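Starting from 1, each residue takes its place in the sequence as its number. All values derive from a computational prediction rather than experimental measurement.
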Amino acid sequence: MAESLIRNADTVVTMDAARREITGGDVLIRDGVIVAVGQGLTTTGTVIEARGAVVTPGLVNTHHHLYQTLTRAVPGGQDALLFGWLKTLYPIWSRFGPEEMRVSALVGLAELALSGCTLTSDHLYLYPNGARLEDTIDAAREIGMRFHPTRGAMSIGESAGGLPPDALVEAEPAILKDMERVVDAFHDPAPGAMVRVGLAPCSPFSVSRDLMREAAVLARDKGVMLHTHLAENDEDIAYSLAQFGCRPGQYAEDLGWTGADVWHAHCVKLDTTEIDLFARTGTGVAHCPCSNCRLGSGIAPVRAMRDRGVKVGLGVDGSASNDAGNLIGEARQAMLLQRVARGANAMSAREALEIATLGGAKVLGRDDCGSLEPGKRADIAIWDVSGIEAAGAWDPVAALVLCGPTRVRDLFVEGRPVVRGGQVVTVDMARVIETQNRLARRLAG
């Protein structure tokens with residue numbers, strides 16, 4: 001029996017039903033599960049001293065494209081809107097293979113971990129040169145991250161009126177066959193699962209309606225979740241109206257893409273009717289504030305979504321459209337954007353932190369994660385608030401979102417250390433970064 005105790009935290013932010021914050025708090029962990037949260041707890045196992053720190057649930061990332069960490073700050077795509085940005089990057093991504101997928105995932109996952117993330121989804125929708133979903137699953141196992149990869153797909157290339165080049169699309173029967181393969185091979189529905197797999201046709205402008213329908217049928221037959229991009233910007237809305245004669249929300253509803261087992265990325269341009277549809281059906285949203293700013297897509301109506309009861313989590317989105325992968329930074333940006341749109345009281349720091357933790361867990365269907373309470377998995381972030389970022393802060397919990405730190409001191413996933421003393425301890429990061437930069441130079445050359 002492995003037992004450890006996080007002891008004497010300045011504040012333990014539980015995110016439990018009462019949203020308790022425990023001063024001088026402790027968290028007792030046994031075999032990867034939280035068994036007690038309170039004060040004055042004891043153990044015969046390992047003790048992690050947390051004086052001078054705030055302890056939170058691990059953050060949850062609900063949308064990413066990990067492979068894109070190899071294409072940050074690419075010239076030609078730095079100042080483009082979504083569609084132009086994609087057209088710049090598709091030819092580069094077509095030269096990826098299994099090594100690029102695995103190494104870029106290692107870098108992206110480590111970056112997330114350092115920003116307090118313990119559970120992340122990933123949307124991998126292109127598979128050039130023998131790349132497969134398990135390239136990223138292997139990387140998550142190396143890092144030690146709890147992982148929700150999705151088998152994405154593109155099936156309509158330029159010659160058929162789609163956006164991606166023909167070389168990056170797949171035949172739909174092959175897509176469905178591989179979707180079934182990866183679910184059977186890797187999806188774990190059990191509580192505490194380290195890997196769950198979702199199905200994720202890329203977007204309305206890169207797959208057929210038939211594939212959307214069939215993927216939804218397959219997902220429900222297999223008991224897995226569905227994910228795609230929706231209503232990201234004005235171009236997205238115009239495409240939906242021109243090609244389908246309806247707005248994205250109606251498109252999703254008609255194809256079976258609403259429900260508690262579905263979450264959509266972005267949703268910047270949802271109208272009131274669509275927000276009400278998502279609230280009524282339990283459909284989730286991955287809010288990606290930095291990416292939405294970077295691509296000029298707009299400000300998602302998160303306040304309206306939350307007020308109507310829509311499940312909202314945060315996503316860093318791909319590192320080619322952010323270009324960073326700092327999840328606590330996304331929480332700050334989410335708060336700031338709602339204030340820009342709705343006023344200074346539109347979103348508090350604590351609500352942003354809730355969206356980043358419990359909100360994301362709810363979007364991904366993980367009732368075993370997202371809060372610090374007995375029975376939940378021991379996915380825990382320890383933030384050192386004794387340094388310069390929080391110096392002078394009167395409220396250390398709000399400080400995490402308002403001023404920092406933006407890098408965790410320690411991070412535990414399933415009770416196992418992934419970050420210690422601000423450094424990833426599960427892989428040789430110097431070697432991984434060296435490999436990543438070598439691969440990026442080769443792609444640029």
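Looking at residues two or more places apart in sequence or on another chain, you find no side-chain hydrogen bond (donor to acceptor under 3.5 Å, both in side chains) involving Ser319. Every residue two or more places apart in sequence or in another chain was checked for a side-chain hydrogen bond (donor to acceptor under 3.5 Å, both in side chains) with Asp122, and none qualifies. Partners of Pro405 according to the side-chain contact (heavy atoms from CB on, under 4.5 Å) rule, which considers only residues two or more places apart in sequence or in another chain, are Trp383, Val385, Glu389, Leu400. Not counting sequence neighbours, the partners of Arg102 by the side-chain hydrogen bond (donor to acceptor under 3.5 Å, both in side chains) test are Glu142. Contacts of Glu111 classified as side-chain hydrogen bond (donor to acceptor under 3.5 Å, both in side chains), with partners at least two apart in sequence or in another chain: Arg72.
Looking at Met225 and His148, their side chains come closer than 4.5 Å, going by heavy atoms from C-beta outward. Taking the side chain as every heavy atom from C-beta outward, Leu66 and Ser104 never approach each other to under 4.5 Å. Looking at heavy atoms from C-beta onward, Glu373 lies out of side-chain contact with Thr14 at the 4.5 angstrom threshold. With a 4.5 Å cut-off on side-chain heavy atoms, Asp317 and Cys290 do not count as touching.
Other residues, nucleotides and ligands place no more than 12 heavy atoms under 6.0 Å from the CD atom of Glu434.
Considering every non-hydrogen atom in both Thr136 and Met101, the closest pair reads CG2-O, 4.3 Å. Shown here for Phe412 and Thr118, the closest heavy-atom pair between the two residues is O-CG2, 3.6 Å. Closest of all the heavy-atom pairs between Cys369 and Lys376 is O-NZ, 3.8 Å. The minimum heavy-atom distance between Val310 and Thr283, with the atom names listed, is CG1-O, 3.7 Å. Of all heavy-atom pairs spanning Ile137 and Pro149, the tightest one is CG1-CG, 3.8 Å. The minimum heavy-atom distance between Leu176 and Ala215, with the atom names listed, is CD2-N, 4.1 Å.
Annotation: salt bridge (Lys or Arg N to Asp or Glu O under 4.0 Å) contacts involving residues 163-174, sequence neighbours excluded, comprise Arg151-Glu170.
In this structure, the ring of His229 has its center less than 6.0 angstrom from the ring center of His123. Annotation: His65 is not in aromatic contact with Trp93 [ring centroid separation under 6.0 Å not met].
The distance from the CD atom of Gln78 to the OG1 atom of Thr88 is 10.0 Å, given to the nearest 0.5 Å. Interatomic distance, Thr43 OG1 to Arg7 CZ, rounded to the nearest 0.5 Å: 10.0 Å.
With hydrogens and angles left out, the side-chain atoms of Glu330 and Asn61 include no donor and acceptor closer than 3.5 Å.
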Worksheet entry | side-chain contact (heavy atoms from CB on, under 4.5 Å) assessment of Lys222 paired with Glu180 | CA-CA 8 Å; Lys222 295 289 187 180; Glu180 187 166 12; 3.5 Å; yes
